[in-house]
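One is the number of the first residue; the rest follow in order along the sequence.
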Amino acid sequence: MTENTTDETAAQQYANYPDPDAIVHFTDASEDLVDLVAETLETSEFLSVSCHALPETMLLVEEVEDE
């Protein structure tokens, strides 16, 4: 699969989700690794992470305003 086709497919997958500040996309990662990355990102008081399991797992990362 070429890079352009991959980019188009990824864009279609993410079209149904809100516009995050960052996307961490996993292909063959274990659930433990995904959990570790999500927990590490969540330790920041400035980030919020949500996990979505499409054909591949991805984390949507959003910046949180310091209140």
- Task: Starting at CD of Glu65, measure out to OG of Ser48 and round the result to the nearest 0.5 Å.
- Result: 12.5 Å
Listed pairs under 3.5 Å, donor-acceptor, residues 34-42 side chains, sequence neighbours left out:
from	atom 1	to	atom 2	distance (Å)
Thr40	OG1	Leu36	O	2.7
Glu42	OE2	Val49	N	2.7

- Query: Atom CZ of Phe46 and atom CD of Glu63: how far apart are they, to the nearest 0.5 Å?
  - Reply: 8.5 Å
- Note on the structure: Across all chains, not counting sequence neighbours, the side-chain contact (heavy atoms from CB on, under 4.5 Å) partners of Ser30 are Asp32, Leu33
- Item | Separation between CG of Leu59 and CD1 of Ile23, rounded to the nearest 0.5 Å | 10.5 Å
- Item | Joint hydrophobic cluster, Leu47 plus Val24, side-chain heavy atoms closer than 4.5 Å | yes
